[in-house]
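Down below is the structure, laid out as structure tokens.
Because the structure is a prediction, the values reported are computed rather than measured. Positions are given from 1, in the same order as the sequence printed here.
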Amino acid sequence: MESRTDGVAEPSAVAAVPPASLSPSRAGDFMQCPLLYRFRVIDRLPEKPSEAATRGTLVHAVLERLFDVPAAERTVPRARSLVPGQWDRLRESRPEVVELFADDRDGERMARWLGEAERLVERWFALEDPTRLEPAERELFVEAELESGLRLRGIIDRVDVASTGEVRIVDYKTGKAPRPEYAEGALFQMTFYALVVWRLKGVVPRRLQLVYLGSGDVLTYDPVLADLERVERKLLALWEAIQRATRTGDWRPRPTKLCGWCDHQAVCPEFGGTPPPYPLPVMAPEPGGGEQGRMGRD
């Protein structure tokens, strides 16, 4: 870990290494802001836990654990009863989340936060019937290496396999469904997973399903092979841009409205900060390297 002084982050005590794989989250980071990708993957700067993200982790844990009990016992009361125990487990495995409520002396804010988690869990029952589901996999870690050598990896919330062998990939979102013009990002994540499953199993998933607990929406998409080939081409182009930035040390910030939520403003040039010294060897930039984080049309 590093400390910060006057807006400058000191390098991590852990030796930095070039990125070796790509996940949906990190791909999204680079497309959003290459400098954010650098801070998270290469510098590994610490970030404070947020209530929203931690609540999402808690809800995911509850929905995963509910399938441990027989189908007839997968009820709303049983699911709500899992929340306190999973919160205790989360605090044990990730002590930093305790900071969220360090100033909540009477426990009122945490109680309200836990109540919101329970309501999200309860809403799930209006969207899916867990008594009729028997997932083939839950919180499944997947990793595949493409012919190019790029390793793709991620964690799939749930995989359902029909008796006919058809595969459905399900992802829980504790936020609200995006407006149609912003749905591409979520679909990118799901087609990323579908690509990995296809490369691992030789099977194109029949359905991709996003369950938005925050708004009570279920969005589905039935991919075809051309979709997976398209996302593979995009990922290869993105990986080339990441490798180029890794070699040259040229990680440019891309200001957006999301900057207001970033933990790294103190070391971001857009906010008057100075990034920590680049911890990897630097090569001269290649001529005509192109714009970072942009993927052209297929």
Inset, instruction - Let me see the working for R40 and D263 under salt bridge (charged side-chain N to carboxylate O under 4.0 Å, His left out), right down to the final yes or no. - result: CA-CA 11 Å; R40 285 179 167 171; D263 280 344; over 6 Å; no
Legend entry - Check: L152 and S23 side chains under 4.5 Å, non-hydrogen atoms: no
Legend entry - Whether H60 and Y172 hold their rings parallel, tilted or perpendicular, with breakpoints at 30° and 60°: perpendicular
Legend entry - Candidate pair R206 and D222, rule salt bridge (charged side-chain N to carboxylate O under 4.0 Å, His left out), full reasoning: CA-CA 6 Å; R206 175 68 179 81; D222 297 340; 2.9 Å; yes
Inset, instruction - Answer yes or no: is there a donor N or O on one side and an acceptor on the other, between the side chain of T131 and the main chain of A72, under 3.5 Å? - result: no
Legend entry - For F271, all residues meeting ring pair (Phe, Tyr, Trp, His ring centres under 6.0 Å), sequence neighbours excluded: none
Legend entry - Atom of V62, atom of A79 and distance for their closest heavy-atom approach: CG1-O, 3.5 Å
Legend entry - Shortest non-hydrogen contact between P49 and T54, atoms and distance: CB-OG1, 4.0 Å
Inset, instruction - Assess whether side-chain contact (heavy atoms from CB on, under 4.5 Å) is satisfied between D157 and V170, documenting all intermediate values. - result: CA-CA 6 Å; D157 290 345; V170 181; 5.8 Å; no
Inset, instruction - Taking R168 for its side chain and R207 for its backbone only, find out whether a donor-acceptor pair lies under 3.5 Å. - result: no
Legend entry - Considering all heavy atoms, the nearest Q86-A61 contact: OE1-CB, 3.6 Å
Legend entry - Check: D104 side chain, R109 main-chain N or O, donor-acceptor pair, under 3.5 Å: yes
Inset, instruction - Search all heavy atoms of L235 against all heavy atoms of L22 and return the closest pair with its distance. - result: CD2-CD2, 3.9 Å
Inset, instruction - Evaluate salt bridge (charged side-chain N to carboxylate O under 4.0 Å, His left out) for E128 paired with R158, printing each intermediate quantity in order. - result: CA-CA 13 Å; E128 295 190 289; R158 200 179 84 217; 2.8 Å; yes
Inset, instruction - Mark yes or no for whether T191, through its side chain, and A194, through its backbone, hold a donor-acceptor pair below 3.5 Å. - result: no
Legend entry - Donor-acceptor side-chain pairing of D227 and Y221 below 3.5 angstrom: yes
Legend entry - E145 backbone acceptor or donor facing R151 side chain under 3.5 Å: no
Legend entry - Heavy-atom pair with the smallest gap, counting every atom of C259 and R254: SG-O, 4.3 Å
Inset, instruction - List the atom of R65, the atom of R89, and the distance in Å for their closest heavy-atom pair. - result: CD-NH1, 3.8 Å
Inset, instruction - Give a yes or no answer on whether the side chain of D106 reaches the backbone of E108 with a donor-acceptor pair at less than 3.5 Å. - result: yes
Legend entry - Validation row, ring centre F39 to ring centre W251 under 6.0 Å: no
Inset, instruction - Salt-bridge test for R80 and E118: reply yes if a basic N is under 4.0 Å from a carboxylate O, no otherwise. - result: yes
Legend entry - Check: F67 and R138 side chains under 4.5 Å, non-hydrogen atoms: yes
Inset, instruction - Would you confirm whether R74, through its side chain, and L133, through its main-chain N or O, come within 3.5 Å as a donor-acceptor pair? - result: yes
Legend entry - Shared hydrophobic cluster for L225 and V197 (ILVMFWY, side-chain gaps under 4.5 Å): yes
Inset, instruction - Answer yes if I155 and V196 sit in the same cluster of Ile, Leu, Val, Met, Phe, Trp and Tyr residues linked by side chain heavy atoms under 4.5 Å apart, and no otherwise. - result: no
